[in-house]
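Written out below as structure tokens is the structure these notes cover.
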Amino acid sequence: MTIQRPRGTRDFLPEDSFKRGVVRKRMQDLLERWGYQEISTPTFEHLELFTIKSGASITEEIYAFKDKGGRDMALRPELTAPVMRMYVNELQTAAKPLRLHYFGNCFRYERPQKGRFREFWQLGAELIGSDRPDAEAEVIALAQKLIESAGVSGDLHLGYLGLIRTMMKMIPASERPAVMKFIDKKERTLLAEKLQEIGADHLGLIELIDLKGRQALDRAMEMAEDLARLSENLPPDEVLAGTSEAVSPDVTGDRSARSDRAAPSDLDLAHFSELVGLLEIYGVEATVDFEIVRGLEYYTGTVFEIYASGLGAQNQICGGGTYMLAGLLGGQETRSTGFGIGFDRIMEIVALDEKPLAPVAVVFVPQVRSEAVRAAKELRDGIAAPVVLDVMGRGLGAQLKQASSIGASFAVIIGPKEVEEGKFTLRDMSTGSQESLTLKEIRERLGE
RNA sequence: GCCGGGGUAGGGUAGUUGGACAUCCUUUGGGACUGUGGAUCCCAUGACCCGGGUUCGAAUCCCGGCUCCGGCCCCA
């Protein structure tokens, strides 16, 4: 038995690695052009970083371990928390806004399936310091452009948590988890029954999450006004009751820090409306969709997700929104907008026609090995294509055969005759035609 | 954690009413062919996922595990 790779991990063969590199480069070039600078954070962090952000229960899905000093560590399961940790540690006094991007492997202890692995790669960006519609529009447009740059067409859904959050405050805390679950699972019938049962069917929750598209915004604004009137009638304590415990009843205590982190005016849809308008100017098509709930925990208002077809059950390729995390991590509170792209899922559906440069083979007879090595060295300095040299002690014929099988574009043939003349034989591997040229001429011929 | 379907050389496969050195193609290395590749031929390397059980005998039947694929749960 040979040693197998760990479950849920993958090996990337040269062809795979090449494709991944091309797509990664395209995306990172675009990020740079939008002014987002690359950063990197450690592969492992203190476990606490992730439990602060997401609750103790996520330890179940984390590669967590104790190091030799007895510290609780974790292989990073995502990159937003590490990036914000870095921000709090090192960048709080940097000029705002900060535009950052990252690419890195993440780890989750989950059952592998299509588009889901235990080691996977995330590419993302964070715009730190603003939650204005301007910032949100930029980030969302950027996310969509990145996906397009990979040749993938994504379906962008844009949501706003303010309305749902307000409605949730108007129903008894004990009922919130069930209601949230039904929304998340798209269980309309059960949701309707539940709302009726608790006398909350007048809030318009179902109508809200069913709103989709451009006209959704206008209707949502009307609903917001109705809600504003309703909430005025509630005692302040009731309105202020946090939503966070309600969302994750299985976690006790450790989430209290996140109560009432909603945007100042949850019902102010003008902000959201402005964002929708800006996105139109960016030329980004978005479907307004109030059904996106995406962790009410630290997202403050705007949230978005991008889906792609051809991926089976795991069809979400990007998720993001505006959040407040710096405070949780011990820094001064700052609003940020960001997203993460599931790089592996992109790779599953990307269609690439780009191919690696065909190599040039230096083919020689044993007596002139030194000259061949020198020639290869010079060619490597002068041309872009890979230059390869026989290391198997093969004869000339076998070397050409090898050159052919690796798809070489040209062979530079070197023997005593060539060395004497100071000219090598350049053979076009596709046509078989040959010319006698100096090394300099060969370099020029094969170009940069 | 749950449900279903799979695991035979590096890749693709044949063989499952239990029976002798496990089939074929491809790949890889060598040779025919040490100054000219793609063809052909020859040789070589290379596998029954792991562990138990049943049996005179297991790739084949049974059990457990591992793992891959699809789905559920979850998805920060």
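Below, chains carry the letters A, B, ... as their sequence lines are ordered, and counting in each starts from 1. Only heavy atoms go into these numbers, but all of them, side chains included; no hydrogens, no water, no symmetry mates.
Considering only the side chain of A/Arg111, B/C2 comes nearest among B/G30, B/A76, B/C2. The side chain of A/Ser404 lies closest to B/G38 when the candidates are B/G35, B/G38, B/G71. Across B/G71, B/G29, B/A76, the shortest atom-to-atom separation from the side chain of A/Ile58 is found for B/A76. The side chain of A/Lys417 has B/G35 as its nearest neighbour among B/G35, B/U67, B/A76. Taking only side-chain atoms of A/Gln113, from C-beta outward, the nucleotide of B/G71, B/U36, B/C75 with the closest atom is B/G71. Across B/G30, B/G37, B/A76, the shortest atom-to-atom separation from the side chain of A/Lys401 is found for B/G37. The side chain of A/Ser54 sits closest to B/A76 out of B/G35, B/A76, B/C3. Listed nucleotides B/U67, B/G35, B/C74 differ in distance to A/Lys181; the shortest reach to its side chain belongs to B/C74. Distance from the side chain of A/Arg108 is smallest for B/A76 among the nucleotides B/G30, B/A76, B/C74. Proximity note for A/Leu400 (side chain, C-beta onward) versus B/G37, B/A76, B/G70: the nearest is B/G37.
For the P atoms, the distance linking B/G35 with B/U40 amounts to 24 Å, nearest Å. Taking atom C1' in both B/U23 and B/C56, one finds a spacing of 27 Å when rounded to whole Å. B/U17 and B/U60 have their P atoms separated by 12 Å, given to the nearest Å. Nucleotides B/C75 and B/A58 place their C1' atoms 44 Å apart, quoted to the nearest Å. The P atoms of B/C73 and B/G11 are separated by 34 Å, rounded to the nearest whole Å. Distance noted for atom P between B/A22 and B/A47: 11 Å (whole Å). The separation of B/G7 from B/U55, taken at their C1' atoms, amounts to 25 Å, rounded to a whole angstrom. Spacing of P atoms, B/U36 relative to B/U27, comes out at 24 Å, to the nearest Å.
Searching all strands for a Watson-Crick or G-U wobble partner of B/G4 with both distances below 3.5 Å returns B/C69. Remark: B/C61 base-pairs with B/G53; criterion is Watson-Crick or G-U wobble with both hydrogen-bond distances under 3.5 Å. Of the nucleotides present, B/A44 is the one that pairs with B/U28 by Watson-Crick or G-U wobble criteria, both distances under 3.5 Å.
One donor-acceptor pair, N or O on each side, does fall under 3.5 Å between the base of B/U36 and the side chain of A/Arg427. Counting atom types as modelled, A/Gln434 pairs a side-chain N or O with a base atom of B/U36 as donor and acceptor under 3.5 Å. You won't find any donor-acceptor pair under 3.5 Å spanning the side chain of A/Arg10 and the base of B/C68, going by distance alone. If you check distances only, the side chain of A/Gln314 never reaches the base of B/G70 with a donor-acceptor pair under 3.5 Å.
Within the 4.0 angstrom heavy-atom criterion, only backbone atoms of the sugar-phosphate kind lie near A/Gly397; the bases stay farther away. Residue A/Glu305 is classed as having no contact, given no heavy-atom separation below 4.0 Å to the nucleic acid. As judged by a 4.0 angstrom heavy-atom cut-off over every strand, A/Gly8 is placed among residues touching the sugar-phosphate backbone only.
Across the protein-nucleic acid pair, A/Leu47 atom CG and B/A76 atom C1' stand 13 Å apart, rounded to whole Å. Protein atom CG of A/Leu396 is 9 Å distant from nucleotide atom C1' of B/U34, rounded to whole Å. Atom CZ of A/Phe339 is separated from atom P of B/C75 by 22 Å (rounded to the nearest Å). A straight line from NZ of A/Lys423 to P of B/G35 spans 24 Å, rounded to a whole angstrom. For the pair A/Glu60 CD and B/G1 C1', the interatomic distance rounds to 10 Å; values are reported in whole Å. The distance between atom CD1 of A/Ile292 and atom P of B/A76, rounded to the nearest whole Å, is 12 Å. The OH-P distance, from A/Tyr63 to B/C74, rounds to 20 Å in whole Å. Separating the CZ atom of A/Phe107 from the C1' atom of B/A76 is a distance of 17 Å, rounded to the nearest angstrom.
Geometric assessment of A/Arg20 against the ring of A/Trp121 yields a positive cation-pi assignment under the 6.0 Å and 45° thresholds. For the pair A/Arg118 and A/Tyr109, the cation-pi criterion (under 6.0 Å, within 45° of the ring axis) is fulfilled.
Considering A/Leu30, A/Val23, A/Val22 as possible partners of A/Arg26, the one that fulfils the side chain to side chain contact (heavy atoms under 4.5 Å, CB included) test is A/Val22. The side-chain hydrogen bond (donor to acceptor under 3.5 Å, both in side chains) with A/Thr425 is formed by just one residue from the set A/Lys417, A/Glu418, A/Gln434; it is A/Glu418.
When side chains are defined from C-beta on, A/Ser433 does not count as touching A/Glu435, because their heavy atoms never get closer than 4.5 Å. Contact check for A/Lys66 versus A/Arg71: no side-chain heavy atoms found under the 4.5 Å cut-off.
Remark: the A/Arg345 side chain and the A/Asn315 side chain contain no N/O donor-acceptor pair separated by less than 3.5 Å.
Of the charged side-chain nitrogens involved, at least one lies within less than 4.0 Å of a carboxylate oxygen, so that A/Arg188 and A/Glu291 count as a salt-bridged pair.
For the pair A/Lys185 and B/C74, the criterion of a side-chain N or O lying under 4.0 Å from OP1 or OP2 is met. At B/G70, one or more side-chain N or O atoms of A/Lys114 fall inside 4.0 Å of OP1 or OP2 (strictly under the cut-off). Under 4.0 angstrom from either OP1 or OP2 of B/G70 there lies no side-chain N or O belonging to A/Arg116.
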Fill in: Test log, rule salt bridge (charged side-chain N to carboxylate O under 4.0 Å, His left out), inputs A/Lys194 and A/Glu187
CA-CA 11 Å; A/Lys194 184 54 139 181; A/Glu187 298 275 11; over 6 Å; no
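For A/Ser405 and A/Pro416, each mapped to the nucleotide of RNA chain B holding its nearest heavy atom, the one lying further toward the 5' end belongs to A/Ser405. For the pair A/Gly432 and A/Pro366, both in contact range of RNA chain B, the more 5′-proximal nearest nucleotide belongs to A/Pro366.
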